[in-house]
*Asks:* 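The following block contains the structure, expressed as structure tokens.
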Amino acid sequence: MYDYDLLVVGSANADLVIGVERRPDAGETVLGSDLAVHPGGKGANQAVAAARLGARTALLARVGDDGHGRLLLDSQRAAGVDTVGVLTGGAPTGVALITVDPSGDNSIVVSPGANGRLTPADVRAAASLFHASRVVSTQLEIPLETVGEVVRSLAPGSRFVLNPSPPQPLSAEVLLACDPLIVNEHEAKVILGDAGAVGDDPEDWARRLLAKGPRSVVVTLGGEGALVASAEGVARVPSVTVHAVDTTGAGDAFTAALAWRLGAGESLAEAAAYAARVGAATVTKEGAQVSFPTAEEVAAL
């Protein structure tokens with residue numbers, strides 16, 4: 001029996017958000033809204049999103065011994081996430097600088113801070129968390145060598161989910177463990193290599209990614225839903241039409257929901273359909289963690 005439905009290994013950032021009428025061009029200054037500070041980071045976001053849906057969730061991450069770190073820990077605990085794996089110190093808490101335009105689209109610059117100090121040794125020291133977890137999810141806002149150690153630390157029978165964001169080339173060891181590899185259009189093209197030669201067909205991206213070794217692949221398509229690919233074939237998964245207010249955190253909520261439902265025994269297509277609904281509910285509110293829905297809110301869509 002697993003103690004946790006999901007162990008998230010990843011980043012924890014303070015999101016510093018400013019609304020703008022349009023994002024500035026190079027060398028240009030634009031005025032924005034008042035600064036808002038929210039708990040964020042892809043790892044912390046996934047953990048909160050899963051816990052709010054009802055998953056038993058733990059987080060392995062590193063924050064600074066500062067106000068932003070305390071904000072992040074408070075947010076995790078309030079959502080019901082087990083923070084026994086959250087380490088403190090070594091560097092200031094990571095920060096994400098986010099601009100959001102009226103359409104809800106965002107641009108993000110991340111200062112990794114303590115996230116860059118989450119080491120393979122930290123992963124090895126958390127072996128008990130890995131053995132207690134049905135599914136393990138991570139991203140690339142932590143060092144690649146740490147992600148590799150996550151793969152090597154997986155317990156027999158557990159499932160590994162990776163969203164390679166921000167995208168970087170991946171080792172064969174990591175790719176072979178992914179079940180699934182979850183990418184958007186930009187991430188797919190970076191992982192595949194020459195973006196100019198990739199083309200514009202998501203089905204083709206999925207097949208080519210699958211050929212690189214993952215056991216399964218999910219391509220997120222925003223308002224168009226998602227696409228799933230495995231040895232059984234490629235299929236489209238529809239989304240729900242909503243009015244998007246802010247897309248910040250939507251991908252993290254999607255990944256968390258997908259990982260949780262896969263661990264609960266759903267098929268890849270079933271889990272992706274549920275995750276698409278979670279992502280749709282997320283974009284109807286401003287912010288990242290504060291916008292993540294409960295299971296009841298997803299059912300009401």
*Asks:* Check whether any side-chain heavy atom of L258 sits under 4.5 Å from a side-chain heavy atom of Y274, and report yes or no.
*Replies:* no

*Asks:* For residues E145 and P120, report the shortest heavy-atom separation together with the two atoms involved.
*Replies:* O-CG, 3.7 Å

*Asks:* L181 versus P164: any side-chain heavy-atom pair under 4.5 Å?
*Replies:* yes

*Asks:* What's the separation between atom OG1 in T282 and atom CG in D252, rounded to the nearest 0.5 Å?
*Replies:* 9.0 Å

*Asks:* I'd like to check L262 versus P180 (side-chain heavy atoms, cut-off strictly below 4.5 Å). Are they in contact?
*Replies:* yes

*Asks:* Passes side chain to side chain donor-acceptor pair (under 3.5 Å), Q46 versus N163? Steps please.
*Replies:* CA-CA 11 Å; Q46 286 187 15; N163 171 219; 4.9 Å; no

*Asks:* Please report the C-alpha distance between T220 and I182 in whole Å, then the side-chain angles of each, then the deciding distance to 0.1 Å, and finally whether the side chain to side chain contact (heavy atoms under 4.5 Å, CB included) criterion is met.
*Replies:* CA-CA 7 Å; T220 59; I182 304 175; 4.1 Å; yes

*Asks:* Between S137 and T255, what is the shortest heavy-atom contact and its length?
*Replies:* OG-CG2, 3.9 Å

*Asks:* Output the distance between atom CG (L154) and atom OG (S133), rounded to the nearest 0.5 Å.
*Replies:* 10.0 Å

*Asks:* If we ignore hydrogens and angles and just use 3.5 Å, is the side chain of E141 paired with the main-chain N or O of K42 as donor and acceptor?
*Replies:* yes

*Asks:* Count I, L, V, M, F, W, Y as connected when their side-chain heavy atoms are under 4.5 Å apart, and connections chain through other members. Are V48 and V283 then in the same cluster?
*Replies:* no

*Asks:* Got a donor-acceptor contact below 3.5 angstrom from the N106 side chain to the T99 backbone?
*Replies:* no

*Asks:* Do L227 and V237 touch side chain to side chain, with heavy atoms closer than 4.5 Å?
*Replies:* no

*Asks:* Under 3.5 Å, is there a donor-acceptor pair between the T88 and D65 side chains?
*Replies:* no

*Asks:* Within this structure, what is the CG-CG distance for the pair L59 and L72, rounded to the nearest 0.5 Å?
*Replies:* 9.0 Å

*Asks:* Can you tell me how far apart NZ (K212) and CG (L192) are? Round to the nearest 0.5 Å.
*Replies:* 6.0 Å

*Asks:* Any salt bridge linking K189 with E185? Criterion: basic side-chain nitrogen under 4.0 Å from a carboxylate oxygen.
*Replies:* yes

*Asks:* Tell me whether V81 shares a hydrophobic cluster with Y4, the cluster being built from Ile, Leu, Val, Met, Phe, Trp, Tyr side chains joined at under 4.5 Å.
*Replies:* no

*Asks:* Quick one: do R159 and D179 make a salt bridge, cutoff under 4.0 Å?
*Replies:* yes

*Asks:* Which atom names give the shortest non-hydrogen contact between I18 and G32, and what distance separates them?
*Replies:* CG2-CA, 3.7 Å

*Asks:* Any luck finding a side-chain donor-acceptor pair between Q139 and S165 under 3.5 Å?
*Replies:* no

*Asks:* Does the pair V278 and L53 meet the rule for a side chain to side chain contact (heavy atoms under 4.5 Å, CB included), with working shown?
*Replies:* CA-CA 9 Å; V278 172; L53 291 169; 4.1 Å; yes

*Asks:* Salt bridge between R23 and E28, side-chain N to carboxylate O under 4.0 Å?
*Replies:* no

*Asks:* Side chain of N115, backbone of A12: donor and acceptor closer than 3.5 Å?
*Replies:* yes

*Asks:* Taking the basic N atoms (NZ, or NE/NH1/NH2) and the acidic carboxylate oxygens, is any pair closer than 4.0 Å for R70 and D66?
*Replies:* no

*Asks:* Can V228 be reached from V161 by stepping across I, L, V, M, F, W or Y side chains whose heavy atoms are under 4.5 Å apart?
*Replies:* yes

*Asks:* Go through it in stages, so that I can follow the logic: the residues are E173 and R152, the test is side chain to side chain contact (heavy atoms under 4.5 Å, CB included), and I'd like the CA-CA distance, side-chain angles, deciding distance and then a yes or no.
*Replies:* CA-CA 9 Å; E173 176 187 38; R152 290 186 287 274; 2.7 Å; yes

*Asks:* Using a 3.5 Å distance criterion without hydrogens, assess whether the side chain of R134 forms a donor-acceptor pair with backbone atoms of L7.
*Replies:* no

*Asks:* In Å and rounded to the nearest 0.5 Å, what is the CG to OG distance from L268 to S216?
*Replies:* 5.0 Å

*Asks:* Test side chain to side chain contact (heavy atoms under 4.5 Å, CB included) on F130 and V123; report intermediate values, then the result.
*Replies:* CA-CA 9 Å; F130 285 87; V123 171; 3.6 Å; yes

*Asks:* With side chains defined as the heavy atoms from C-beta onward, is the minimum distance between D101 and R22 less than 4.5 Å?
*Replies:* no

*Asks:* Quick one: do R62 and D122 make a salt bridge, cutoff under 4.0 Å?
*Replies:* yes

*Asks:* Is the shortest side-chain heavy-atom distance between V17 and V100 below 4.5 Å?
*Replies:* yes

*Asks:* Would L73 end up clustered with V9 when hydrophobic side chains under 4.5 Å apart are linked, directly or stepwise?
*Replies:* no

*Asks:* Heavy-atom distance under 4.5 Å between the side chains of V290 and K285, does that happen here?
*Replies:* no

*Asks:* Side-chain donor-acceptor pair under 3.5 Å between E149 and T146, yes or no?
*Replies:* no

*Asks:* Among T138, L176, V135, which residue meets the side-chain contact (heavy atoms from CB on, under 4.5 Å) test with F160?
*Replies:* T138

*Asks:* Distance check, rounded to the nearest 0.5 Å: D15 atom CG versus Q289 atom CD?
*Replies:* 7.5 Å

*Asks:* Under 3.5 Å, is there a donor-acceptor pair between the side chain of E224 and the main chain of L221?
*Replies:* no

*Asks:* Taking atom CG as the centre, does L35 end up with more than 12 heavy-atom neighbours from other residues, nucleotides or ligands that are less than 6.0 angstrom away?
*Replies:* yes

*Asks:* Considering non-hydrogen atoms only, spot the tightest contact between L209 and V183 and give its length.
*Replies:* CD1-CG2, 3.7 Å

*Asks:* Just by distance, do the side chain of S158 and the backbone of A155 share a donor-acceptor pair under 3.5 Å?
*Replies:* yes

*Asks:* Hydrogens and angles aside, do Q76 and T83 bring a side-chain donor and acceptor to less than 3.5 Å of each other?
*Replies:* no

*Asks:* How about E232: does its CD atom have over 12 heavy atoms from other parts shown lying under 6.0 Å from it?
*Replies:* no

*Asks:* Write down the atom of A91, the atom of G113, and the distance for their closest heavy-atom approach.
*Replies:* CB-C, 3.9 Å

*Asks:* Is there side-chain contact between W260 and T57, with at least one heavy-atom pair below 4.5 Å?
*Replies:* no

*Asks:* Between L6 and V150, is there shared hydrophobic-cluster membership here, with clusters defined by ILVMFWY side-chain heavy atoms closer than 4.5 Å?
*Replies:* no

*Asks:* Where is the tightest heavy-atom contact between A14 and T93, given as atom of each residue plus distance?
*Replies:* N-CG2, 4.4 Å

